Every structure is written in C-alpha cells, then in structure tokens.
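Working notes, structure below.
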Amino acid sequence: MGGEARRPRRAVRAAGAEFDLVRSLARATRVARSDVRMGIGDDAALVRVPPRSELVLAVDTLVAGVHFPRSAAAFDIGWKALAVNLSDLAAMGARPAWATLALTLPRADGTWVAAFARGFARLARQHGVSLVGGDTTRGPLTVTVQAHGFLPRDGGLLRSGARVGDVILISGCLGDAAAGLRLAMQGPKSPAAAGRMPAAQRTLLQRLNRPQPRVALGLALRPLAHAAIDVSDGLAQDLTHVLRASGVGAVLQADQLPASGALRRYRPLPQQRWPLQLAGGDDYELCFTLPPQRLRRALQAARRIGVALTPIGRVVAGRGLQVHDPAGKAVVVSRPGFTHFA
Ligand code: ADP
Ligand code: MG
C-alpha cells in the first residue's frame, strides 16, 4: 500500500523479540513435506501444487473474546485456529497441505507463543500440514490462519449440489460445543479449576476448545456426496446456506440429531438439547447431502474411518428448512445461528 501516512510495518516493538517468536514457532511446528521448496524464512513461501489438481484456500480469523473466551489456553487457541480452517477444507473434500499464520499479540510473550505453537503443531502433525509462512504484529490478540489443500480438478464438494430426494447426514454429534460455551461463560476461569469439573462437562469444554476437523470423512465422501458444509455457526443456519445455494428445501427430524452422552447428561430432555444442536455453533461437524442409493456406502466409509455419520433428514422441493419433532410438529428455531453483525 502506498501513501504518505505509511506507518512502520512491524508493530511488535523489539525486532529481536519478533524474530525469536517466529523462530520458536517455526521450530515447534516443523512438518517436513517434499512439496515445500521454501517455507518460513524468506520473503514468501514457495510450494508445489501436484499436476491436475486445484488449489483450495480457506482463511479464518479468531478474535479474543469473540471466537474464544479470553481465559482460553494458548494451546487450545493454536489448535482451534488451524482446526477451523482444516474443517473448511474438509467440507470441500480437500486434502490439506500447508498453512500460513498471521499472529497479532498484545506483547512478545514467549511462553504463550510456545504453548500456542504446541497446540497448532499437534493438529498440524495429525494432518501432515506444514506451516510455511506468516506475519507477526502487535495489537489485540487475533489469530488468522490460511489453510491450503488440493482437490482433483473440478472435484470439490460445493454447497450448490444438493438435489431433491437427497438424504441429509451429519458427522459426529451436535450441540456439545454450544453447551461447552455456556459452561465456559459461567464456569471456572482457570484451566486448573476446569480440571476439577465433572468429566461430562470437561468433555463439552474440550469439544468447544479442540474441535476435530473431519478431514478423512470429507475425503471419503467426496465421490459420494452432492453437497457439504461444515457446521461452524449452527446447523440450521449452515444447512440453510446449502439449501439456498442449491435452490431446494429440507425437512429435519429433531429426534435424530445425534447427541453425545455428555450433552445428554447436561440437558436430559431432548427438547432442551434441540436449540443447542440446531443453533449452537462451533461443532465443526460436516453436513452432507447424498442420494439414498449411496447411503450404505457412505455409512460404511464413515465406519471404516471411525466417525459417526447419522441421517437426520431429507432434501425436498421448495424453499427453507423445516424441523419436525417425533409427533410431526414443527420445532421453531428462534435464533438459527451465529452472525457477527446481528
Ligand atoms: P517481511 O517483513 O518480509 O514480511 P517477516 O519478518 O514478517 O518478513 O517474516 C519473515 C519470515 O518469517 C517469513 O518467511 C514469514 O513468512 C515468516 N513469519 C513471520 N511471522 C510468522 C508467523 N506468525 N508464523 C509463521 N511464519 C511467520
Ligand atoms: Mg511480514
């Protein structure tokens, strides 16, 4: 950017501190990949895209106090910043490869960065993702990760592919993260105090803080599914994006929404769970639509991977999302999901 009012690009005060932070990040997150010609350490990264592939890009920002509680552990923030991006790649059916990281920190806190890097690296290693570059600045705690992956040419799972008659499926279970957020807001402010919570509550918090991106499932269902989306802002809202993009409607059965044991303990009555499951964000499960004749193969693939996959409804002609209770009565979703500027 040009202009006279140009300010120094680096906001972290001591250049030495900035370089130390970047060095420690680079060391902690190292994942060797033969397709990285130049990772951290030059003006830009150089990477090789396999032939006959498309590059898939996703970027997501986490802001302290908005996307994670200010009390969140640095490890969890590092994990989640990568997880939400890998979840976006998974929802396209893509294979992740690299990531870049723009980190804005209130101060050059080496201990915090080391724990952050461990969380980021733990998940990065699980998926063979190499951190190839980034930027480090001073300001209110904000973490932006861009993840890069591959798809065979013209092979991505789009939101626009759902067709009338498709079965709607969801991975894992829904509502845990929303319950975890409630616990985080009322609950213990220190990780030590969280350690003394009942096991079921710890599970819910863990699901909020360390979402597991469903990368293998996205890859396995790519050839079978018509459409997919990851549930970041609430199922009702995210599924509605698919319906709009595809020009169709859907009917969900509320009693089929998969609930974990921990959520059942937290909210014993199904009707208490539905709002969390339909409108709660942060689960990072994948929602697919696919034709009924491929259902069996999809369920087999999920079983092989070891991830639950549950049919929860049908794509129908028309517009909009309806949710039915077991008696066939409409379940009203008062607040369908999270938006930033509501
Ligand atoms: P420049 O001023 O040319 O942007 P930087 O000092 O910002 O250079 O970055 C130097 C190297 O360190 C680059 O390779 C950059 O990608 C990497 N880098 C800086 N910050 C981060 C970060 N937070 N995470 C990963 N790599 C980083
Ligand atoms: Mg820079």
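Numbers here simply count residues along the sequence, with the first being 1. All values derive from a computational prediction rather than experimental measurement. Indexing begins at 1, ligand by ligand and atom by atom, following the structure's order.
Between Trp98 and Phe150, the angle of the ring planes goes over 60°, which puts this pair in the perpendicular group of the 30/60° scheme.
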Chi angles and distances behind the salt bridge (Lys or Arg N to Asp or Glu O under 4.0 Å) call for Asp230, Arg214: CA-CA 9 Å; Asp230 69 322; Arg214 304 299 187 187; over 6 Å; no
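Atoms of ligand 1 lying under 4.0 Å from any heavy atom of Glu18, numbered from 1 in the order shown and given with element: 6 (O). Taking every non-hydrogen atom of Asp42 and a distance limit under 4.0 Å, the qualifying atoms of ligand 1 come out as 11 (C), 13 (C), 14 (O). Residue-ligand proximity, Asp43 to ligand 1, at heavy-atom distances under 4.0 Å covers atoms 3 (O). Atoms of ligand 1 found under 4.0 Å from any heavy atom of Gly41 (numbered from 1 in listed order, with element): 11 (C), 13 (C), 14 (O). Near Gly133, with a cut-off below 4.0 Å to any heavy atom, the atoms of ligand 1 are 16 (O), 24 (N), 25 (C), 26 (N), 27 (C). For ligand 1, the atoms closer than 4.0 angstrom to any heavy atom of Thr136 are 19 (C), 20 (N), 21 (C), 22 (C), 23 (N).
Considering Leu103, Ile40, Leu25 only, the shortest heavy-atom separation from atom 17 (C) of ligand 1 involves Ile40.
Looking at residues two or more places apart in sequence or on another chain, you find no side chain to side chain donor-acceptor pair (under 3.5 Å) involving Thr240.
The minimum heavy-atom distance linking Asn209 with Trp79 is given by the pair O-CD1, 4.0 Å.
For residues 35-57, the pairs satisfying salt bridge (Lys or Arg N to Asp or Glu O under 4.0 Å) are Arg33-Asp35, with sequence neighbours left out.
Applying the 6.0 Å contact sphere to CZ of Arg294 captures more than 12 heavy atoms from other residues, nucleotides or ligands.
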